[in-house]
K.L.:
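Here you go, one structure.
Numbering of residues begins at 1 and proceeds along the displayed sequence.
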Amino acid sequence: MQPRPIRLLVLAALLAGVVVACDDDPTAPIATLSLVCPTGPLAVNAPIALNFSQPVQASTVTGANVVVTDAGSGLEIPGALALGADGRVVTFSPSSPLPFGTVLGIRAQNILTANRATSLGVVLCNVLTAPPPIAEVVWDRLDSPTGTALTGASLISPDSGWVSSFAVPLYRRVGRGWEVRFNQPYFISSFDVQFASALHGWATHFDSRNLRGVITETRNGGTSFDTAFTMFGRDIRRLLVDSAAFTGNTLFALAGGGTNTNATFFKRNPGNGAWSMVTDVSGTSSIHDIDHAPNDTTTLFAVSSGFRIGPPFPATYAARTFTSTNGGASWTEVPNARADTGSTVAFHGVARRTNGDVYVTGGNGFVGRLPGGNAPFTKINLGIVSRDTLDFNALIYNDVQFAPDNNNIGWIVGAQLIGFSGGVPQYQGLVFGTKDGGATWTRQGVRGADEYGASFPALNQLEVLSSTKVWIVGDGGTVLSLNP
């Protein structure tokens, strides 16, 4: 027989256990753990947030318990999981951007609450990622004449034209290939090329040996080029040649350039074909673009580029807008139409429509419209976000043009900084089109390019022969041809 004292101790322990058990209400409901599925469309460059009804146990937030897959292929999407400070939000950060327009399958299971009182069953979520940013894939990439940046282009017929390379050579497209037609070893760069006909054309360069800007001319289709004009201490960047006005020797032609602190205009005398400087303005940078409305070579607009000098003597030479009412014989500044020195800094493109409106593009994603050519600017947001708003070149629109045969149709091209490789900035090209005279703009893409047509090099200049015949040239020898 068990001794009496021991029996009493066992009974006391049992009674104590009953008392402890009675501290919890056996009828009280246990809160369940649930997960709210994310709603789409999901941004392709952002983490996916999973919201739980209660704080969860960190040790159960694992790659085995939270899996994200491509619902179509079933392939798992690699990424990292993190638990938020309040314990209720689990974020999945994909290792690379998610695919556009794709249904993702998200499976969560075996997740415990923080107090381990309850477990999540199997929860399946299907959610759609954002649609591709490119609504119109209408450009074909032609074979490249060179691997260097292209700075200008001239179409002399729908399938034939010229491009200028910053590395000096001028290339002529012959059939489906390219031929070098000009390459001067003492020039360090070429800026533009324009032809009035298949035989008669000009190009602009910088002669490093003599420190001068140069205009060369050919009258035999590029078999040979002769020096037509030089200007010491100035570059000559942009040409405007109106082939429609070409009758005998009355060709209409202008050029623009300057220095980092001067904007300079040049004009060709239609009588004797001689070029001369007509206007020089200090306090801004080289002329970057000139334009007039179709069939009107009397009223013109131009923009200068901007220049920023860093420490120890910081200064900014802001871009300006200029106009001429006498066919480019003289130029004046458009009042109140300068670039913002803190952000925009540079203007790179200008276009004048038949209704008198003027469009200007430039740094920090600037697109502005001057109604009837008069300030102030009506700013237009194309929806692209700059990676670095302190650097006006991080998002820059380099050119804008409208079709001469249908002035409702036009394009804007430029470049967006997307990252760095070995400290070298990497840019992605941008192109937008309008069919309503600039009221709305739609992003366009290139057939065969990555990211649904969005990934291609920076774009520098438009050459618009008509509403259906357009070239765009850019970095890396890029030549795009419109093919709607």
K.L.:
What pairs with F322 under ring-ring contact (aromatic ring centres under 6.0 Å, His included), at least two apart in sequence or on another chain?
P.N.:
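Checked F322 against ring-ring contact (aromatic ring centres under 6.0 Å, His included); matches are F265.
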
K.L.:
As a quick check of understanding, evaluate side chain to side chain donor-acceptor pair (under 3.5 Å) for R268 and S276, giving each step before the final call.
P.N.:
CA-CA 7 Å; R268 181 181 183 271; S276 62; over 6 Å; no

K.L.:
Salt bridge (charged side-chain N to carboxylate O under 4.0 Å, His left out) with D291: which residues, sequence neighbours excluded?
P.N.:
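Listed in chain order: nothing, the list is empty.
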
K.L.:
Less than 4.0 angstrom from a charged side-chain N to a carboxylate O is my criterion; do D296 and R352 meet it?
P.N.:
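R352 and D296: salt-bridged.
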
K.L.:
Scan residues 369-389 for pairs that pass side-chain hydrogen bond (donor to acceptor under 3.5 Å, both in side chains), counting only residues two or more places apart or in two chains.
P.N.:
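Residue pairs with at least one partner in residues 369-389: D357-R369.
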
K.L.:
Mind checking what makes side chain to side chain contact (heavy atoms under 4.5 Å, CB included) contact with T230, not counting sequence neighbours?
P.N.:
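If we apply the side chain to side chain contact (heavy atoms under 4.5 Å, CB included) test to T230, skipping adjacent residues, the hits are R212, V214, T227.
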
K.L.:
Suppose we screen for ring-ring contact (aromatic ring centres under 6.0 Å, His included). Which residues come up paired with F402, at least two apart in sequence or across chains?
P.N.:
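Result, ring-ring contact (aromatic ring centres under 6.0 Å, His included) vs F402: Y359.
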
K.L.:
S285 and S304: side-chain donor and acceptor closer than 3.5 Å?
P.N.:
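Not at all, the side chains of S285 and S304 share no donor-acceptor pair under 3.5 Å.
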
K.L.:
Mind checking what makes ring-ring contact (aromatic ring centres under 6.0 Å, His included) contact with W178, not counting sequence neighbours?
P.N.:
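Here the qualifying residues are W471.
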
K.L.:
Considering residues at least two apart in sequence or located in another chain, which fulfil the ring-ring contact (aromatic ring centres under 6.0 Å, His included) criterion with F229?
P.N.:
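Residues passing ring-ring contact (aromatic ring centres under 6.0 Å, His included) with F229: F266.
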
K.L.:
Distance check, rounded to the nearest 0.5 Å: W202 atom CH2 versus R219 atom CZ?
P.N.:
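Answer rounded to 0.5 Å: 6.5 Å.
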
K.L.:
For residues 369-390, which residue pairs qualify under ring-ring contact (aromatic ring centres under 6.0 Å, His included), counting only residues two or more places apart or in two chains?
P.N.:
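Applying ring-ring contact (aromatic ring centres under 6.0 Å, His included) to every pair that reaches into residues 369-390, excluding sequence neighbours, yields F347-F377, F366-F377.
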
K.L.:
Looking at residues at least two apart in the chain, or sitting in another chain, which of them share a salt bridge (charged side-chain N to carboxylate O under 4.0 Å, His left out) with E451?
P.N.:
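Residues passing salt bridge (charged side-chain N to carboxylate O under 4.0 Å, His left out) with E451: none at all.
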
K.L.:
Do the ring centers of Y171 and W162 come within less than 6.0 Å of each other?
P.N.:
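Judged by ring-centre distance (under 6.0 Å), Y171 and W162 do not meet the cut-off.
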
K.L.:
Considering residues at least two apart in sequence or located in another chain, which fulfil the side chain to side chain donor-acceptor pair (under 3.5 Å) criterion with N336?
P.N.:
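None.
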
K.L.:
Identify each donor-acceptor pair in which a side-chain atom of residues 420-428 lies under 3.5 Å from a protein atom, sequence neighbours left out, and give them as a table.
P.N.:
from	atom 1	to	atom 2	distance (Å)
Q426	NE2	V424	O	3.1

K.L.:
For T478, enumerate each residue passing the side chain to side chain donor-acceptor pair (under 3.5 Å) test, keeping only those at least two apart in sequence or located in another chain.
P.N.:
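R141.
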
